[in-house]
There are 2 protein chains.
Amino acid sequence: MRPTVHDIAAKAGVSLATVDRVLNNRPGVRSVTRDKVERAIVTLGYVRDVAAANLAKGRNYPFVFILPAGDNSFMRGLEGEVRAAMARSASERTQITILPVPAFDAQALVQALSDAHQRRPAGVAVVAVDAPEVAEAVKQLRDDGIAVVTLVSDLPGSGRDHFAGVDNIAAGRTAGTLMGRFTCGRAGPIAMLAGSMLVRDHRDRLEGFTAVMAEEFPARRLLPVIEGQDDPVLVEKLVHALVEREPDLAGIYSLGAGNRGLIAALDKTGKSKMVCAIAHELTSHNRAALRSGTIDAVLNQDAGHEVRSAIRVLKARADGLAVIEAQERIRIDIFLKDNLPIEQA
Amino acid sequence: MRPTVHDIAAKAGVSLATVDRVLNNRPGVRSVTRDKVERAIVTLGYVRDVAAANLAKGRNYPFVFILPAGDNSFMRGLEGEVRAAMARSASERTQITILPVPAFDAQALVQALSDAHQRRPAGVAVVAVDAPEVAEAVKQLRDDGIAVVTLVSDLPGSGRDHFAGVDNIAAGRTAGTLMGRFTCGRAGPIAMLAGSMLVRDHRDRLEGFTAVMAEEFPARRLLPVIEGQDDPVLVEKLVHALVEREPDLAGIYSLGAGNRGLIAALDKTGKSKMVCAIAHELTSHNRAALRSGTIDAVLNQDAGHEVRSAIRVLKARADGLAVIEAQERIRIDIFLKDNLPIEQA
DNA sequence: ACATTTTTGATTTACGTACATCAAGATTTC
DNA sequence: GAAATCTTGATGTACGTAAATCAAAAATGT
């Protein structure tokens, strides 16, 4: 059987109360006694039974998730994963509140962070907009002992505890390699379609993509970046104009959202088979387009993993425990039509 | 606060003991009383505090993992993951025993299953060899109420509770799509290198690969399958002979192990850049070859996920709980040199 | 109506930890 | 050397559930 606090007390020749004082570093223990107890802990290989400890403490973790509103499929999927986590809150001792904010609105996000602050949660997870005033608001939370994790889009220099999202430069590089190799049979230029250059993840993806294209496929002509504002209607219009302007277009890398528009434009112009399309996030639209062949590859970040990782990290930080960064890294999934997971409800 | 057994007792107007009898379906409760209690459970939305229950029960789960011996990097990685799970056994209340068996040896595996049976564990995880006598041995375990999960390689028709591994037909199809597209600039045939056609996962991968090649790239010539017995030395010899025999070889799909030999042969013959190589499992050799460009893509199954999933399923089965199959599906990871995760210790 | 069986209640102990209280012992301070 | 402080022990309660015991009550059979 694994050792308990009683075993430590016996081994160290002290009382249970003293062991408790050491374990929960309460005051009132001489350093010699503390040493004795700590040695006993090490030699016995004691590890605290977290389940029992949480039971005794009646511990629970109030968290706030700040998510962008709007009809972005990926973000709605993310919200779904947060709600799934809320459904598990009984067994995980979490109490999660969702705070919706308008997308790409730094000021609204600052307000939401302030609202979250007032609720005095143990931690906050936020899909960040990259702006100094947002970083400042995050700092205030941290100063007040509230753990902060950025979700999907990071906010460097804010002192956030952790970023639960993918390496978007690597994602862009991967897209570049796939694009370069998939289009090796065709001449013609390659287009890049972003949502907005104001958000960090889009900038990072673009950087990785253009770097690989320059290094590995220098002969390939890259068209200027198109910004579709993640809006399906605008995206469709822009892509339609693009394929008319560039009849020998070889490929298009969509590094943001609004892919419904991209798919519609390619299908309607009959370019689906000719143009190699690579997009992000395995939404239902992208999934269908992958299956039909309109989209050739999808890079995905698993929203469920991100949410669960964020919660694990927030819990650990709330308890003052260390986080194994390597274990919390979110991978970039590559989907082709042949390795699509079965759709879930 | 979430409701407790006491709340149920009060609500249903019965004693705590009766609530306990209902919850753990012990005998001695009239059906009318049982109904009253169950209604109270539903209306209060009671969910058992698993942590407290396990604490009270002192529950633990003795499991046996049967793994192939030998120097197969993937299998050693798998064993590492099982050992990592053993290190967590204190907090997970598991007691895991590893039973090594010679690889590809049905008779030895039957013996190991029988040994496992005698230990009377709550569950067994086994890397299966596809043979009727193995299926029979698995059936005997199941008949004795021991949960059985196949790991990595499945054993259909054995009545195993679950398969913790990837869809190898889909893996082969994915490899086929990548191969077809990556080699679109080059003429020349494509070779397939298997370990042995006696194991099911290799057969499945081959089936998927050849199917996609036939459907999508019918012009491409496929060479007869080479069997390298997962042995690096033999593989190197065979691949060396292959590239001399087929100087315009466009690609090679290695669907088994022993990739050290493949990498060495390609590097020594100076064919690394010309031949598109796709292999399985992100071992340290494959990782290095991916980085250097000798291997172009690696399909990976995450051994850690497989082990953790197997344990979750075994626990659920031991407790007679349902398993959400969709949640336990193991994905096929595609790695290019641009999305390689940082190497871990 | 009685004996018998089944059902229910009341109560206790246990799991491993947290946390509080009070008293007693050991040290330090003046 | 007495007073003040610091350190430790002893003990109890709590968290939510499991499981056992024994007594009491209710239902059943004859």
Side-chain angles (χ1 to χ4, degrees), chain A residues 1-41 44-61 89-95 318-321, chain B residues 1-41 44-61 89-95 318-321:
Chain A
M1 284 308 289
R2 54 190 288 205
T4 72
V5 279
H6 297 84
D7 300 322
I8 300 175
K11 181 88 179 179
V14 299
S15 76
L16 241 156
T18 302
V19 174
D20 180 69
R21 290 180 186 114
V22 173
L23 277 175
N24 300 291
N25 43 256
R26 280 183 250 280
V29 186
R30 264 188 308 168
S31 56
V32 268
T33 318
R34 190 174 288 272
D35 280 358
K36 259 198 307 187
V37 174
E38 275 163 357
R39 266 201 306 281
I41 290 174
L44 288 177
Y46 169 83
V47 273
R48 182 197 246 106
D49 185 324
V50 197
N54 283 338
L55 177 61
K57 272 196 286 218
R59 182 89 162 98
N60 66 350
Y61 303 85
S89 63
S91 52
E92 296 187 349
R93 315 191 103 81
T94 54
Q95 279 170 230
D319 290 339
L321 302 175
Chain B
M1 284 305 291
R2 52 190 290 205
T4 73
V5 280
H6 296 86
D7 300 323
I8 300 175
K11 181 85 178 180
V14 300
S15 78
L16 239 152
T18 302
V19 174
D20 179 70
R21 289 180 186 114
V22 172
L23 278 175
N24 300 290
N25 40 257
R26 282 184 248 279
V29 186
R30 262 188 310 166
S31 56
V32 268
T33 318
R34 189 174 290 271
D35 280 357
K36 258 197 308 187
V37 174
E38 274 161 358
R39 265 200 306 281
I41 290 174
L44 288 178
Y46 169 84
V47 274
R48 181 199 246 104
D49 184 326
V50 200
N54 283 338
L55 178 61
K57 271 195 286 218
R59 181 86 160 103
N60 65 352
Y61 304 84
S89 63
S91 53
E92 297 187 348
R93 315 192 104 82
T94 55
Q95 281 169 232
D319 290 338
L321 302 175

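Convention: sequence-line order gives letters A, B, ...; per-chain numbering from 1.
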Checking the side chain of B/Arg2 only, and the main-chain atoms of B/Val47 only, is there a donor and an acceptor separated by less than 3.5 Å? yes
Below 3.5 Å between N/O atoms, which protein atoms pair up with nucleotides 23-29 of chain D? Just atom names and distances, please.
none

Protein-proximity profile, nucleotides 13-20 of chain C, B/S/- by nucleotide at the 4.0 Å heavy-atom cutoff, equals --BBBSB-
B/Arg59: what forms a salt bridge (charged side-chain N to carboxylate O under 4.0 Å, His left out) with it, not counting sequence neighbours? B/Asp319
Side chain to side chain donor-acceptor pair (under 3.5 Å) against B/Gln95, all qualifying residues, sequence neighbours excluded: B/Asn60
Output all residues satisfying side chain to side chain donor-acceptor pair (under 3.5 Å) with B/Arg26, sequence neighbours left out; order by chain, then residue number. B/Asp20
Whole angstrom is fine here: how far is it from CZ in B/Arg21 over to C1' in D/dT21? 10 Å
Partners of [X] by side-chain contact (heavy atoms from CB on, under 4.5 Å), sequence neighbours excluded?
| X | value |
| --- | --- |
| B/Leu16 | B/Val5, B/His6 |
| A/Ala53 | A/Arg48 |
| B/Ala51 | A/Ala51, B/Asp49 |
| A/Thr94 | A/Tyr61, A/Phe63, A/Ser89, A/Glu92, A/Ile96, A/Ile311, A/Lys315 |

OP1 or OP2 of D/dG9 under 4.0 Å from side-chain N/O of A/Thr18: yes
